[in-house]
Amino acid sequence: MKTVVITCASGIATSTLVVNKVKKLCDDNQIDCRIIQCSYQELAKFADSCDVIVSTLKMENTFNKPMYFAVSYITGINEAKLNEQLLEELRK
């Protein structure tokens with residue numbers, strides 16, 4: 001099982017949209033994953049135990065984990081490309 005941390009400023013608003021997109025992506029592709037939704041301030045406590053970080057804000061990746069910028073899930077622009085990248089990482 002893969003663990004995906006999805007983060008936004010508050011851990012409530014835009015991350016909820018992204019959680020729904022990632023959950024559907026995983027379900028549609030038979031990928032067993034656990035999703036953790038959190039604020040940026042909480043990210044550090046989950047980063048060590050996750051496989052992938054999906055963030056609504058471009059930020060420096062100091063966690064040594066694959067990190068994806070989720071703006072495509074919010075705008076719909078290049079969403080298919082982000083899905084491909086995320087699926088490739090989750091299938092490893």
- How many angstroms lie between atom OG1 of Thr3 and atom CD1 of Ile36, to the nearest 0.5 angstrom? 5.5 Å
- Task: Can you spot which of Asn20, Asp28, Asp27 makes a side chain to side chain donor-acceptor pair (under 3.5 Å) with Lys24?
- Result: Asp28
- Gap between atom NZ of Lys65 and atom SG of Cys50 - 0.5 Å precision: 5.5 Å
- Note on the structure: Value for CG (Leu87) from CG (Leu25), rounded to nearest 0.5 Å, stands at 4.0 Å
- Residue Asp48 excluded, over 12 heavy atoms near CG under 6.0 Å: no
- Is there side-chain contact between Phe46 and Thr7, with at least one heavy-atom pair below 4.5 Å? no
- Query: Which atom pair, heavy atoms only, marks the closest approach of Ser55 to Leu57?
  - Reply: OG-O, 2.7 Å
- Query: Going hydrophobic residue to hydrophobic residue with side-chain gaps under 4.5 angstrom, can you get from Ile31 over to Val22?
  - Reply: yes
- Ala44 and Phe63: which non-hydrogen atoms are nearest, and at how many Å? CA-CE2, 3.8 Å
- Task: Quick one: closest heavy-atom pair of Tyr73 and Leu17, and the distance?
- Result: O-CD2, 3.6 Å
- Query: If you measure from CD1 on Ile74 to OG1 on Thr56, what distance do you get to the nearest 0.5 Å?
  - Reply: 5.5 Å
- Run through Leu86, Val19, Leu82 and flag the one making a side-chain contact (heavy atoms from CB on, under 4.5 Å) with Val54. Leu86
- Item | Interatomic spacing from NZ in Lys2 to CD in Glu89 - rounded to 0.5 Å | 7.0 Å
- Donor-acceptor contact present, side-chain Ser72 to main-chain Ile77, <3.5 Å: yes
- Atom pair CG (Asn83) and CG (Asn78), whose distance is rounded to the nearest 0.5 Å: 11.0 Å
- Is any side-chain heavy atom of Leu90 less than 4.5 Å from a side-chain heavy atom of Val4? yes
- Query: Distance only, no hydrogens: is a donor on one side chain within 3.5 Å (strictly under) of an acceptor on the other, for Ser15 and Tyr40?
  - Reply: no
- Check whether Ile6 and Leu43 end up in the same hydrophobic cluster, where Ile, Leu, Val, Met, Phe, Trp and Tyr are linked by side-chain heavy atoms less than 4.5 Å apart. no
- Item | Test item: Gln37 side-chain N/O and Gly11 main-chain N/O as donor-acceptor pair under 3.5 Å | yes
